[in-house]
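Please read these numbers as outputs of a predicted model, since none were measured by experiment.
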Amino acid sequence: MHEYSLAVDLMESVLTAAAENDAVTVNSVSIKVGRIAHVNPIQLEFCLRSIGEGTVAENAVYSFEYVEPEIKCLCGYSGKPNVLGDDLDMLEYLVSLVCPECGKNVEVIGGTELTVESIDID
């Protein structure tokens with residue numbers, strides 16, 4: 001489960017920001033997760049809660065927002081890909097990322113991120 005190592009990095013960012021702002025407690029953390037980032041938010045939250053025990057983030061509420069992929073093609077198209085359906089597994093989803101204009105393979109320019117968007121502290 002690679003979510004643990006990701007959670008360690010995210011928690012380090014949260015605790016650093018809390019310390020820099022003399023926080024007594026971290027109330028909530030909002031995290032953006034790219035739809036093709038290969039991250040399970042449920043597992044990530046479990047890891048964050050485990051790592052946060054005994055810290056100012058011990059009782060933090062975590063919220064996750066999915067970021068849809070964006071693509072760029074050599075034909076000049078830039079934007080959202082066509083997707084064949086909502087029930088695709090990750091491999092099918094990645095294979096479906098072709099240019100809606102010309103049908104060729106594309107460069108993924110968004111949807112792979114994992115970032116702390118905001119932290120609410122006291």
Side-chain angles (χ1 to χ4, degrees):
M1 167 168 44
H2 78 107
E3 278 78 1
Y4 183 80
S5 62
L6 298 172
V8 168
D9 291 341
L10 289 174
M11 184 58 70
E12 183 178 316
S13 296
V14 168
L15 295 177
T16 298
E20 288 173 352
N21 291 283
D22 299 320
V24 175
T25 187
V26 175
N27 299 315
S28 64
V29 180
S30 175
I31 300 170
K32 285 196 173 187
V33 180
R35 176 136 186 230
I36 54 176
H38 302 281
V39 175
N40 182 317
I42 294 169
Q43 293 175 351
L44 184 62
E45 182 174 2
F46 175 82
C47 294
L48 286 166
R49 291 191 177 288
S50 296
I51 296 166
E53 286 182 10
T55 72
V56 295
E58 183 167 25
N59 296 312
V61 174
Y62 298 94
S63 63
F64 299 90
E65 177 186 345
Y66 276 111
V67 177
E68 293 299 318
E70 290 190 44
I71 58 172
K72 182 171 77 172
C73 183
L74 291 175
C75 77
Y77 177 82
S78 182
K80 304 285 183 204
N82 284 343
V83 179
L84 303 175
D86 290 333
D87 59 347
L88 299 175
D89 71 18
M90 187 60 66
L91 182 58
E92 290 173 314
Y93 190 82
L94 289 172
V95 170
S96 73
L97 296 179
V98 296
C99 180
E101 298 286 323
C102 70
K104 294 183 179 175
N105 290 336
V106 295
E107 176 186 356
V108 176
I109 59 172
T112 60
E113 52 270 275
L114 177 63
T115 58
V116 174
E117 183 67 16
S118 65
I119 306 168
D120 179 50
I121 60 173
D122 282 331

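Between T55 and I51, the closest heavy-atom pair is CG2-O, 4.2 Å. The heavy-atom pair separating P100 from K80 by the smallest distance is CG-O, 4.0 Å. When all heavy atoms of A23 and V56 are compared, the pair lying nearest together is O-CG1, 4.1 Å. Minimum heavy-atom separation, I36 to G110: CD1-O, 4.4 Å. Between C47 and E3, the shortest heavy-atom distance links the atoms SG-C, 4.2 Å. Among all heavy-atom pairs drawn from V106 and C99, the shortest one is CG1-N, 3.3 Å.
When side chains are defined from C-beta on, V29 counts as touching V116, because their heavy atoms get closer than 4.5 Å. Within the 4.5 Å cutoff, the side chain of V61 has no heavy atoms near those of the N27 side chain. Looking only at side-chain heavy atoms (C-beta outward), E45 and F64 come within less than 4.5 Å of each other. When side chains are defined from C-beta on, L74 does not count as touching C102, because their heavy atoms never get closer than 4.5 Å. Here the side chains of I31 and E117 are not in contact, with every heavy-atom distance at 4.5 Å or above. Using a 4.5 Å heavy-atom threshold, the side chains of N59 and T25 count as separate.
Annotation: K104, atom NZ; neighbour count of heavy atoms from other residues, nucleotides and ligands within 6.0 Å does not exceed 12.
The distance from the CD1 atom of I109 to the SG atom of C73 is 11.0 Å, given to the nearest 0.5 Å. A distance of 16.0 Å separates OH in Y62 from CD1 in I42, rounded to the nearest 0.5 Å. To the nearest 0.5 Å, the span separating CD on E107 from NZ on K72 amounts to 4.5 Å. Residue L114 holds its CG atom at 10.0 Å from OG1 of T112, rounded to the nearest 0.5 Å.
For H2 (side chain) and H38 (main-chain N/O), a donor-acceptor pair under 3.5 Å exists by modelled atom type. No donor-acceptor pair under 3.5 Å is formed between the side chain of E65 and the backbone N or O of S30. Counting only distance, with no hydrogens or angles, the side chain of E113 and the backbone of G111 share a donor-acceptor pair below 3.5 Å.
In the hydrophobic clustering of this structure, L44 does not group with V67; members are Ile, Leu, Val, Met, Phe, Trp, Tyr whose side-chain heavy atoms approach within less than 4.5 Å, directly or through other members. Both L48 and V8 are part of a single hydrophobic cluster, where members link through side-chain heavy atoms under 4.5 Å apart.
The pair E53-R49 does not count as a salt bridge, with every side-chain nitrogen at least 4.0 angstrom from each carboxylate oxygen.
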Could you walk me through whether V98 and N105 pass the side-chain contact (heavy atoms from CB on, under 4.5 Å) test, one step at a time? CA-CA 5 Å; V98 296; N105 290 336; 4.2 Å; yes
